[in-house]
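So the structure is just underneath, and the comments pick up after that.
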Amino acid sequence: APPDDTSDNGDTSDLDAVSAKTLAGAAATGDFTVQLERQELAALLDRALALLPPETRLALVESGVYATPQAEIAARLGLSEGALRVRLSRGRLALRHALTGELRRRETQAQAVLGALIEGGYAVDDERRIRFLNPQAARLLKVSADEALGAFCGDVLKPQRDEQGRRPCEYACPIIEARRLGAARAVERVAPSEDGLRRVVIASAAPAADDELQVQVLRDETELEAVR
């Protein structure tokens, strides 16, 4: 009789190809009813499935897409039907969590990018060095993109120091907070030139992935503050 366990053992080299690319060409049914209308959605699902063990991935696709009988799937994987049901349940839960987290991160980043289209925006790498600066941000910060690229963001924004001589970068950086919380907002006074301090609202979004840039949106509220 097949073993009644849920471990992923055995030769799985032929299972790694099972992914959302398979789903895109099939009629989705059951728990996997998905209309893959956009390539981006297919890519998200592909990445989420790739996080699962190969045998769990195969079981989900065979059961949810092709409606393969569970007895057949269990025999193919060398499991009892009870063990297969446990694996399917855990796999669906893991897939749901992966998709939900990815979609939330991308929604936050997309909102930041849209804001940067009409306001000042810049993007930093994991060391908070500027890798992109749009024209609106360049005008606000009195700097050219060539001067800013590669520089630490605090050296470009030049935020006001507190009574201990610290910059917000050291103790209340919205970039660091966004990485921890998913999004962050801060009001800082920056001195891009000798014209004086500017009151700037900084909205930061966490990067969608560890290797992606992190977007910040700048809004100058100096004049608005003056009339309050």
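All of these numbers come straight from a predicted model, not from anything done at the bench. When reading the values below, keep in mind they use all heavy atoms of this one structure, side chains included, and skip hydrogens, waters and symmetry mates.
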Determine yes or no for a side-chain-to-main-chain donor-acceptor pair under 3.5 angstrom, with [X] supplying the side chain and [Y] the backbone.
X	Y	value
Glu147	Ser144	yes
Arg129	Gly150	yes
Glu188	Pro168	no
Arg128	Cys169	yes
Arg57	Leu52	yes
Arg90	Thr56	no
Ser63	Ala59	no

List the steps and the verdict of side chain to side chain contact (heavy atoms under 4.5 Å, CB included) for Thr68 and Arg76. CA-CA 11 Å; Thr68 303; Arg76 182 175 176 182; over 6 Å; no
Below 4.5 Å, heavy atoms only, C-beta onward: do [X] and [Y] meet side chain to side chain?
X	Y	result
Val187	Glu221	no
Val156	Tyr122	no
Arg92	Leu95	no
Gln136	Leu140	no
Val200	Leu157	no
Glu177	Ser204	no

Separation of [Y] [atom2] from [X] [atom1] (nearest 0.5 Å):
X	Y	atom1	atom2	answer
Leu133	Gln216	CG	CD	11.5 Å
Leu58	Leu49	CG	CG	11.0 Å
Asp125	Ile175	CG	CD1	9.5 Å
Leu84	Gln70	CG	CD	5.0 Å

Determine whether Val143 and Leu149 fall in the same hydrophobic cluster, where Ile, Leu, Val, Met, Phe, Trp and Tyr are linked whenever their side-chain heavy atoms lie under 4.5 Å apart. yes
Applying side chain to side chain contact (heavy atoms under 4.5 Å, CB included), run through Val190 and Arg198 and close with a yes or a no. CA-CA 5 Å; Val190 303; Arg198 310 291 298 180; 4.1 Å; yes
Closest heavy-atom pair and its distance - Leu51, Ala98: CD1-CB, 4.0 Å
For residues Ala137 and Asn134, report the shortest heavy-atom separation together with the two atoms involved. N-OD1, 2.8 Å
Between Leu88 and Leu60, does a side chain to side chain contact (heavy atoms under 4.5 Å, CB included) hold up when you go through it step by step? CA-CA 6 Å; Leu88 287 171; Leu60 287 172; 3.9 Å; yes
Check the pair Arg167, Asp155 against salt bridge (charged side-chain N to carboxylate O under 4.0 Å, His left out), reporting the backbone distance first and the verdict last. CA-CA 10 Å; Arg167 298 188 299 184; Asp155 295 336; 2.9 Å; yes
